[in-house]
Amino acid sequence: MAEHAREPVHTRRHGRVVGYLLGLGATLLALILIVVVVAAVVITDRTVTTDRRQSGLAPFYLAPSGWQDKAPGTLLRSEPLGVTLTNASAWRVLYVTTTSDGSKAVSSGMVFAPKDNGSLVAHLRPVVAWAHPTIGMGVSCAPSRSANPTGDVQGLSMFLSAGWVVTATDYAGLGTRGTEEYLVGRSEAADLLNSARAARQIPETEAGTRVGLWGHSQGGHAVLWAEALAPQLAPELQIVGAAAAAPAAALDVLIPRLWNTDAGSVVGLEVLRGYPAAYPDLNPNVVSNWPQARIARVANQCLLLGALDVVISDLIGLGHPLRMNPMTNASWAQALNLNVPPTPSVPTYVVQGMDDPLVLPGSTSHFLEAACTAHAPVSWAYIGALGHMKAGQAGAPSAFTFLQQRFDGLSAPSDCGTELPVPALG
């Protein structure tokens with residue numbers, strides 16, 4: 001029903017746009033044409049620059065022979081990241097991890113560590129494992145391949161000033177060969193935990209086994225799964241706490257509300273691309289308007305270009321990527337429900353924006369309400385007038401304080417028993 005109801009809207013919208021353009025004067029049309037041409041030149045120039053950069057980086061991301069025989073968490077390769085940091089060092093890393101079915105894979109990422117090694121003679125450094133938000137699935141989207149890699153790690157300077165090591169996984173298949181298993185809990189958790197393992201193999205880091213987890217959006221989803229699966233996937237690591245900004249936690253609540261929105265469609269494209277990699281029996285064409293080649297092409301763009309493609313496609317009547325709610329299809333619903341994060345098992349802190357149109361505040365309340373019912377150690381901060389994109393930046397100072405208290409061995413706070421600022425969505 002929703003599909004048929006939207007078609008007249010697209011048609012009318014398309015007609016209004018065409019009519020508006022036809023009504024413009026020749027001079028204004030010429031100006032628009034000039035702007036389009038200039039924009040195309042700028043985009044082409046940036047694309048050429050990006051391609052040159054990625055060609056130069058490509059050899060680092062090719063796994064060495066025999067990597068399949070290495071244990072998860074094994075550091076395969078490292079090199080200086082090529083950035084200037086105050087009293088800190090940074091490396092680009094390649095390491096062994098695992099996918100959702102336990103098969104070995106290769107992930108890339110970054111490791112940062114303070115240089116003042118003499119201050120921690122008796123104790124190894126705490127580690128913060130950062131998990132980034134949705135950024136697109138293309139090779140150049142990987143944070144370790146970025147021209148500004150330090151800008152992708154929220155709270156980095158605070159963590160380094162505290163004397164902590166920081167890791168930042170790209171996730172397997174993002175930057176390395178293969179397809180990223182986007183929003184698939186087990187593979188994200190393995191990538192995050194194995195980044196902390198790999199950091200310990202760079203002697204200069206003095207990285208220990210006490211680990212705090214911190215992530216935003218998709219990264220919040222990864223954090224919640226990593227804390228749950230750490231005893232199984234990396235039993236030598238002691239997870240002291242987890243902090244998540246606008247975590248994609250309640251997938252079962254979010255997807256039915258977002259599947260036919262522009263914002264939800266951008267995320268949906270990556271789900272359509274990544275879930276069949278984890279669950280080969282899933283067919284994207286069951287729920288999608290778009291052929292698989294188009295899904296792959298747009299999903300492999302970085303976030304802003306992918307979002308623009310979705311909006312333009314909708315504007316000219318090509319439709320949203322998702323033509324039906326995946327939760328109404330038994331196979332897709334089963335796979336998505338398997339990746340709803342379980343109840344937190346370690347002290348967990350959640351930051352949520354009140355004006356978030358993607359990770360809806362009520363969905364986070366749904367997750368936290370269930371956690372409190374299960375007597376999980378959770379606390380939270382809801383921030384007014386905060387949307388989705390800046391949640392990691394806004395939440396970094398309080399996440400730092402929360403993790404610092406956990407590293408210091410202080411008792412974990414709990415906000416259970418207090419009223420959530422936003423009612424839980426059901």
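Here the straight-line distance linking atom CD of Q393 with atom CD of Q154 works out to 5.5 Å at 0.5 Å rounding. In this structure, the separation between CG on L322 and CD1 on I295 is 8.0 Å, given to the nearest 0.5 Å. Atom-to-atom distance recorded for R125:CZ and R200:CZ is 14.0 Å, nearest 0.5 angstrom. Rounded to the nearest 0.5 Å, atoms CZ (R257) and CD1 (I255) are 11.5 Å apart.
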**OP:** Before giving the answer on side chain to side chain donor-acceptor pair (under 3.5 Å), spell out for E204 and S89 the whole-Å C-alpha distance, their side-chain angles and the decisive distance to 0.1 Å.
**Re:** CA-CA 9 Å; E204 296 94 323; S89 300; over 6 Å; no
Original post:
Which is it for H221 and E188 under the side chain to side chain donor-acceptor pair (under 3.5 Å) test, yes or no, and what are the steps along the way?
Top reply: CA-CA 8 Å; H221 182 266; E188 288 176 339; 2.5 Å; yes
**OP:** Show your reasoning for whether salt bridge (charged side-chain N to carboxylate O under 4.0 Å, His left out) applies to D69 and K104.
**Re:** CA-CA 9 Å; D69 299 326; K104 289 181 183 177; over 6 Å; no
**OP:** Go through the steps for S365 and Y382 under the test side chain to side chain donor-acceptor pair (under 3.5 Å), then give the verdict.
**Re:** CA-CA 10 Å; S365 294; Y382 283 67; 2.8 Å; yes
Original post:
Are D170 and Y61 close enough, and set up right, to give a side chain to side chain donor-acceptor pair (under 3.5 Å), and what steps lead you there?
Top reply: CA-CA 11 Å; D170 289 334; Y61 293 83; 4.7 Å; no
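Contact between V351 and S398 at its shortest, heavy atoms only, is CG2-OG, 4.0 Å. The minimum heavy-atom distance linking T167 with S195 is given by the pair OG1-OG, 2.9 Å. A pairwise comparison of heavy atoms in M327 and A333 identifies O-CB, 3.6 Å as the closest pair.
Under the ring-ring contact (aromatic ring centres under 6.0 Å, His included) test applied with W214, the options F400, W164, W130 reduce to a single match, W130. Screening T169, T98, T97 for a side chain to side chain donor-acceptor pair (under 3.5 Å) involving D191 leaves a single residue, T97.
Salt-bridge check for R294 with D309: passed, with a basic side-chain N closer than 4.0 Å to an acidic carboxylate O. Remark: R197 engages E236 in a salt bridge, criterion side-chain N to carboxylate O under 4.0 Å.
For E270 (side chain) and I135 (main-chain N/O), no donor-acceptor pair under 3.5 Å exists by modelled atom type. In terms of modelled atom types and a separation under 3.5 Å, the side chain of T373 and the main chain of E369 share a donor-acceptor contact. A donor-acceptor pair under 3.5 Å is absent between the side-chain atoms of D408 and the main chain of L410, judged by distance alone. In this structure, S379 contributes its side chain and S414 its backbone to no donor-acceptor pair below 3.5 Å. A donor-acceptor contact shorter than 3.5 Å is absent between the side chain of Y171 and the backbone of L192. With hydrogens and angles disregarded, no donor-acceptor distance shorter than 3.5 Å links the side chain of S265 to the backbone of G268. A donor-acceptor pair under 3.5 Å is formed between the side chain of Q201 and the backbone N or O of L75.
The 12-atom threshold is not exceeded at CE of M389, counting heavy atoms of other residues, nucleotides or ligands nearer than 6.0 Å. The 12-atom threshold is not exceeded at CG of L304, counting heavy atoms of other residues, nucleotides or ligands nearer than 6.0 Å.
Close placement of the H216 and H388 rings is indicated, their centers lying within 6.0 Å of each other.
Side-chain atoms of D101 and Y279 form no donor-acceptor pair, as typed in the model, at a separation below 3.5 Å.
A cation-pi arrangement is absent between R273 and Y275 under the rule of less than 6.0 angstrom and at most 45 degrees off the ring axis.
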